[in-house]
Amino acid sequence: MIIFDKLWITIEKKGMSTYQLREKCGIDSKTIRRLRANENMETKTLDKLCKALSCRLEDIATYKADK
């Protein structure tokens with residue numbers, strides 16, 4: 001399972017709101033909701049997030065083995 005807990009920390013560190021992130025990435029509120037729920041994300045969305053936040057994938061996502 002991929003979890004996005006680090007995303008919220010990175011957004012906060014960058015001094016950005018989720019609204020600003022949505023506008024910068026061109027993603028919608030449904031995508032933000034899916035990220036909060038750790039649901040499947042397309043790699044192009046992850047790419048947009050990394051570009052908008054000037055970070056690496058490991059700064060926004062973590063792999064956690066299913067039990």
Side-chain angles (χ1 to χ4, degrees):
M1 169 182 238
I2 304 297
I3 57 172
F4 297 102
D5 293 348
K6 289 183 174 181
L7 172 62
W8 316 114
I9 295 166
T10 301
I11 291 170
E12 187 175 323
K13 284 182 182 176
K14 300 285 182 171
M16 193 179 282
S17 68
T18 54
Y19 175 78
Q20 290 169 319
L21 183 65
R22 286 177 34 215
E23 291 296 308
K24 195 169 184 179
C25 288
I27 59 177
D28 59 18
S29 58
K30 183 178 177 181
T31 301
I32 295 293
R33 182 191 55 75
R34 292 184 63 198
L35 285 161
R36 287 199 189 276
N38 295 315
E39 293 180 4
N40 290 336
M41 272 305 118
E42 292 185 359
T43 54
K44 69 180 181 179
T45 301
L46 298 176
D47 183 58
K48 288 178 184 181
L49 291 168
C50 288
K51 283 180 185 173
L53 294 167
S54 299
C55 69
R56 300 180 319 174
L57 184 58
E58 54 267 27
D59 296 327
I60 63 170
T62 306
Y63 172 74
K64 184 177 180 182
D66 292 334
K67 293 183 180 184

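Everything quoted here is computed from the prediction, not taken from an experiment.
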Suppose we screen for side-chain contact (heavy atoms from CB on, under 4.5 Å). Which residues come up paired with [X], at least two apart in sequence or across chains?
X	result
I2	F4, A61, Y63
K24	M16, A52
N40	R34
E42	K44, T45

Just verifying a value: how many Å separate [X] [atom1] and [Y] [atom2], rounded to the nearest 0.5 Å?
X	Y	atom1	atom2	result
E23	Y19	CD	OH	3.5 Å
M41	I60	CE	CD1	10.0 Å
L21	L49	CG	CG	5.5 Å
I11	C55	CD1	SG	9.0 Å
K48	T43	NZ	OG1	11.0 Å
D28	R33	CG	CZ	9.5 Å

Partners of R22 by salt bridge (Lys or Arg N to Asp or Glu O under 4.0 Å), sequence neighbours excluded?
->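 R22: no salt bridge (Lys or Arg N to Asp or Glu O under 4.0 Å) contacts found.
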
G15 versus Q20, closest heavy-atom pair with distance =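 Looking at all heavy atoms of both residues, the closest pair is O-OE1, 3.9 Å.
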
Atom CD of E58 with >12 non-hydrogen neighbours under 6.0 angstrom |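 It does: E58 CD has more than 12 such atoms within range.
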
Please name all residues satisfying side chain to side chain donor-acceptor pair (under 3.5 Å) with T10, sequence neighbours left out, ordered by chain then number.
->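 Side chain to side chain donor-acceptor pair (under 3.5 Å) list for T10, sorted by chain: empty.
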
Could you pull out all residues at least two apart from K51 that satisfy side chain to side chain donor-acceptor pair (under 3.5 Å)?
->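 K51 satisfies side chain to side chain donor-acceptor pair (under 3.5 Å) with D47 only.
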
Side-chain heavy atoms under 4.5 angstrom apart, residues restricted to Ile, Leu, Val, Met, Phe, Trp, Tyr: same cluster for L35 and I3?
->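 In one cluster with L35: I3, no.
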
Let me see the working for D5 and T62 under side-chain contact (heavy atoms from CB on, under 4.5 Å), right down to the final yes or no.
-> CA-CA 8 Å; D5 293 348; T62 306; over 6 Å; no

